[in-house]
Structure formats: structure tokens, C-alpha cells
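Read the structure below first, then the notes.
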Amino acid sequence: MVNKKRLIMNTALLTGSSLAMSLISMAFQVWLAGRIGSAGIGLYQLVLSVFFLCTTFAISGIRFAATRLVSEELGHERSWSVAAAMRRCFAYSLFFGLSAMAILRSFAEPIGFLWIGDARTVRSLRLIAFSMPFLSLSSVMSGYFTACGRVWKPTLVHFCEQLLTIGFVAFFLMHSPTGDIEKNCSAVMLGNVCGDVISFVCMLSFYLADRHSARDYSAQKLKLTSRMLKVALPLAVSAYARSALSTLEHLLVPRGLKAAGFSADRALSGYGVIQGMVLPILSFPACILMALAELIIPELTEAQVRGNSGDISRTVSSLIKKGLGYSTAVALLIFVFADKLGVRIYSSPEAGDYLRLLAPLIPIMYTDMIADGCLKGLGQQLWCMGINLLDAMLGVLLVWQILPLFALKGYICIIYFNECLNFALSLLRLSRVTKIRIIS
């Protein structure tokens with residue numbers, strides 16, 4: 001059965017740390033917006049969209065594959081084969097991480113000039129390329145600790161990484177000229193690279209200490225390599241397509257706003273308000289649900305391996321109902337206090353207006369996180385990626401066609417449509433896999 005005690009303890013730990021990190025991140029985002037301006041935030045978000053695409057290639061599904069593979073071995077009570085599984089995951093992640101770094105370094109200029117359409121991003125792209133192998137290897141170890149139920153280790157590492165990254169970014173920005181958004185963005189990216197490197201070193205120290213006393217036996221008959229590739233590669237291919245489409249969608253937004261009559265800086269500013277200011281506030285209260293969505297994966301995997309279908313259905317039903325209740329309360333609070341939040345946090349009435357417009361979407365966004373985690377824990381990761389791929393394809397098409405006509409109002413409608421479609425398809429699949437009733 002699902003280990004509810006371990007799930008509750010780890011969820012409480014991950015939620016507490018996520019809340020602390022989200023508060024710090026929110027305060028930092030506010031300071032950053034004041035330091036580099038909404039146009040600078042917009043440029044930063046464009047660089048991040050390419051960064052996320054390259055990170056997807058660097059990770060190539062290995063984090064979830066490591067969690068799934070280790071959870072299966074533990075579910076079959078073969079703890080002795082975990083080290084062999086991890087060696088394969090490390091080799092896989094190192095190959096893709098180094099490849100991602102080489103590609104981004106080599107093609108930073110064409111990406112910046114031709115793809116993003118802003119030469120000011122080239123320097124930032126070259127800097128952030130160095131993060132790729134460190135992020136890839138760290139994701140394997142994070143997946144391992146999640147599967148083993150020792151989430152406090154990566155949680156502590158991520159918390160320290162965040163503080164150090166903020167410190168590095170602040171230091172580099174102090175030595176960057178005010179008003180030069182190209183150099184300011186580069187300073188932010190350099191700080192992130194330093195944080196990623198230190199995070200990897202700390203994570204590796206924890207992992208080596210954790211596996212020091214573990215016995216290792218031959219695991220050739222377990223087909224670990226083929227099982228790892230069976231999970232990681234299809235997930236990677238689907239993630240490539242989805243991430244590429246998502247990146248294209250984000251890059252098309254400023255172009256669409258320009259076509260609607262916005263100036264270059266106004267387009268970046270409008271995009272930055274929604275992506276860099278409003279969405280972080282909407283996501284902030286989701287800490288507890290994001291923790292549940294991550295931690296439920298190994299729990300459901302072990303329960304599935306042992307054939308506890310009844311326990312799985314009860315657990316999933318309970319999580320969905322609690323997630324809906326919590327997210328509805330959050331949506332009401334943000335809707336009521338949207339104006340005050342926009343002014344108090346960002347000194348931006350415009351941010352408050354968009355907060356109120358997007359607040360009704362919170363129950364759908366939050367509950368979809370839980371449904372996605374449950375589906376992955378039950379081996380439905382390809383279905384999840386198919387839904388996300390459809391979501392991304394429609395997003396690109398709608399941004400391309402609607403933004404030049406309706407500008408930011410059209411972008412809000414696109415966000416609503418995609419989130420609702422994603423949620424409906426995920427919940428429908430989950431109801432079939434677990435036999436739960438969506439409407440009782």
C-alpha cells in the first residue's frame with residue numbers, strides 16, 4: 001500500500017522548504033524587476049525560454065527514469081541493484097548534458113539573431129550553456145533521492161543553491177551598468193551558472209555518502225539499460241517536441257505584440273508582466289501541491305508494482321478532491337486582493353489587473369499538477385507527454401494567429417484555453433486508469 005506516513009512527512013518537508021524558497025524567489029523577483037525593469041524581465045524570460053528547451057535536451061527524461069527505475073527495484077526489494085541502475089542513468093545524463101552544452105555554445109549567435117530576434121541575448125545564451133551537464137547529472141541524483149524517500153537531501157541542496165544564486169546575481173548586477181539590459185541579463189545568467197555548479201557539488205557529496213555503505217551485485221539479468229531507455233527515450237522525444245513548441249510560442253509572443261502595434265520595448269514589457277510577474281504570484285501558493293505531485297510518483301509506482309489497485313484509487317481520489325478545495329480557496333483570495341497584490345508587490349496596477357483575470361484559472365492549474373504526478377506514478381508518462389504536446393502545438397498556432405489581432409487580451413484567452421484542455425484530458429485519462437469517478 002501507499003506509505004502515507006512517509007508521504008505526509010516528505011510532503012510537509014518539501015512544502016515548508018518550497019514555501020520558504022518561493023517567498024525568497026518572490027522577493028528576489030520583485031527586486032530584480034525593480035533593478036532591470038519590465039523590459040529587462042522580458043528579455044530575461046526570452047533567454048529562459050531557450051534555456052528551458054536546452055535543459056529539456058540535457059535531462060532527456062532521465063530524472064523521471066531514475067525515479068521510476070529505482071522505485072521499481074525497491075518495490076521488488078532489490079536494493080542491491082540500485083547502484084547499477086544509477087550508473088546507467090549517470091552515463092546517459094552525462095552524454096546529453098555535454099551535448100546540450102556544445103550545441104548551445106556553438107549556435108548561440110544564430111539563436112539570438114535569427115530565432116529570438118534580439119542580439120542582446122547572445123552573451124547570456126553562451127553563459128548559460130555551461131549549466132547543462134551539471135543540471136543533467138543533478139537531476140539523476142534528485143530522482144534517486146525522491147525514489148528512496150530521502151527528499152530532505154535535494155531539498156537542502158536546492159535551498160542553499162537558491163540563496164547562493166541570489167547572492168551571485170546581486171553581486172554581478174552590482175558590477176553591471178544600470179539601464180544596459182544586455183549586460184544585466186548576462187549578470188543574472190552568470191549568477192545562475194555559479195549556483196548550478198555549487199548545487200551539483202553538494203548533491204554529489206550527499207549521493208556518495210548515501211551509497212557508501214550499499215552493497216553492489218551484478219544486475220545484468222535485470223535489463224536495467226533497456227528498461228531505463230524504454231522510459232527515458234520516449235519521454236525525451238516527446239519532451240523535445242513539447243519544449244521546442246513551448247519555446248517557439250514564447251518567442252512568438254513579443255513578435256505577435258509588435259504585429260499588433262506594440263513597440264519593441266512595450267512588447268517585452270507586456271510579456272514580462274504576465275510571464276515574469278503575474279504567473280509567479282499565481283504559482284506561489286501551489287507549493288504543497290507541487291510537492292505532492294512529485295512525491296506521489298514513487299509511492300504510486302511501488303503500489304502499482306505490488307498490485308494495490310484499490311489503495312491507488314482511494315489515494316488518487318483523495319488527492320484530487322483536496323487539491324480542488326485548496327486551489328478554489330486560493331483563487332478566491334487572489335481574485336479579491338488582486339489589485340493590492342499587484343501594487344504592493346510590484347507597484348504595478350497592470351499586474352493586479354492580470355492577476356484578477358487569471359485567478360479563476362488557479363483550480364484548473366493546480367489540480368492538473370496532481371493529475372500529472374499521479375499519471376506519471378502509474379506509468380502513464382507517455383500519455384502525459386502526448387497531452388502536453390497537443391497543448392504546445394495548439395499554443396503555437398493560437399499565438400501565431402490570434403496575438404496580432406487581439407494583443408495581450410488574446411494571450412490571456414490562449415492561456416485559458418490551453419490550461420482547460422490539458423486539465424480535461426489529464427483527468428479523463430486518470431479516471432480510466434484508476435477507476436475513480438470524477439463526478440459522484
Heavy-atom side-chain contact between [X] and [Y] under 4.5 Å:
{"X": "L135", "Y": "F51", "result": "yes"}
{"X": "Y144", "Y": "R150", "result": "yes"}
{"X": "C54", "Y": "I103", "result": "no"}
{"X": "F145", "Y": "D210", "result": "yes"}
{"X": "F28", "Y": "T165", "result": "no"}
{"X": "C374", "Y": "L319", "result": "yes"}
{"X": "L425", "Y": "L390", "result": "yes"}
{"X": "L279", "Y": "L358", "result": "yes"}

L104 vs I111, test: side chain to side chain contact (heavy atoms under 4.5 Å, CB included). Steps then yes/no. CA-CA 9 Å; L104 187 54; I111 291 172; 4.1 Å; yes
Determine whether R126 and E109 satisfy the following criterion, side chain to side chain contact (heavy atoms under 4.5 Å, CB included), listing intermediate values before the conclusion. CA-CA 9 Å; R126 284 176 174 158; E109 196 166 298; 3.2 Å; yes
Counting only pairs under 3.5 Å, give me each side-chain donor-acceptor contact of residues 58-66, with atom names and distances, residues two or more places apart or in other chains.
| from | atom 1 | to | atom 2 | distance (Å) |
| --- | --- | --- | --- | --- |
| S60 | OG | F57 | O | 2.4 |
| S60 | OG | Y240 | OH | 2.5 |
| R63 | NH2 | S142 | OG | 3.0 |
| R63 | NH2 | E294 | OE2 | 2.4 |

Gap between atom [atom2] of [Y] and atom [atom1] of [X] - 0.5 Å precision:
{"X": "K321", "Y": "L324", "atom1": "NZ", "atom2": "CG", "answer": "10.5 Å"}
{"X": "L204", "Y": "L137", "atom1": "CG", "atom2": "CG", "answer": "8.5 Å"}
{"X": "M203", "Y": "F134", "atom1": "CE", "atom2": "CZ", "answer": "13.5 Å"}
{"X": "L32", "Y": "R35", "atom1": "CG", "atom2": "CZ", "answer": "9.0 Å"}
{"X": "N418", "Y": "I364", "atom1": "CG", "atom2": "CD1", "answer": "12.0 Å"}
{"X": "E419", "Y": "F423", "atom1": "CD", "atom2": "CZ", "answer": "10.5 Å"}

Side-chain donor-acceptor pairs under 3.5 Å in residues 187-200, sequence neighbours left out?
| from | atom 1 | to | atom 2 | distance (Å) |
| --- | --- | --- | --- | --- |
| N192 | ND2 | V188 | O | 2.7 |
| D196 | OD2 | S131 | OG | 2.8 |
| S199 | OG | E161 | OE1 | 3.2 |

Which atom of [X] lies closest to which atom of [Y], heavy atoms considered:
{"X": "I370", "Y": "G323", "answer": "CD1-CA, 3.7 Å"}
{"X": "V122", "Y": "G112", "answer": "CG2-CA, 4.0 Å"}
{"X": "V336", "Y": "R356", "answer": "O-NH2, 3.4 Å"}
{"X": "S186", "Y": "R123", "answer": "OG-CD, 3.1 Å"}
{"X": "V70", "Y": "C148", "answer": "CG1-SG, 4.1 Å"}
{"X": "A129", "Y": "R105", "answer": "CB-CG, 3.5 Å"}

Is there a side chain to side chain contact (heavy atoms under 4.5 Å, CB included) between V47 and C185? Walk through the geometry before answering. CA-CA 9 Å; V47 174; C185 190; 3.9 Å; yes
Just to verify, which of L421, L428, N422 counts as forming a side-chain contact (heavy atoms from CB on, under 4.5 Å) with I387?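 So the option named by the test is N422.
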Picking from L333, D339, I334, what satisfies side-chain contact (heavy atoms from CB on, under 4.5 Å) with F337?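 Among L333, D339, I334, the one meeting side-chain contact (heavy atoms from CB on, under 4.5 Å) with F337 is L333.
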Check ring-ring contact (aromatic ring centres under 6.0 Å, His included) between [X] and all other residues, then give those that pass, not counting sequence neighbours.
{"X": "F171", "result": "H175"}
{"X": "F206", "result": "W152"}
{"X": "Y92", "result": "F96"}

Which pairs of donor and acceptor atoms, one on a side chain in residues 395-417, lie under 3.5 Å apart (sequence neighbours left out)?
| from | atom 1 | to | atom 2 | distance (Å) |
| --- | --- | --- | --- | --- |
| Y411 | OH | Q275 | NE2 | 2.7 |
| Y416 | OH | L357 | O | 2.5 |

Go through the steps for M86 and Y207 under the test side chain to side chain contact (heavy atoms under 4.5 Å, CB included), then give the verdict. CA-CA 11 Å; M86 288 296 292; Y207 174 75; 3.2 Å; yes
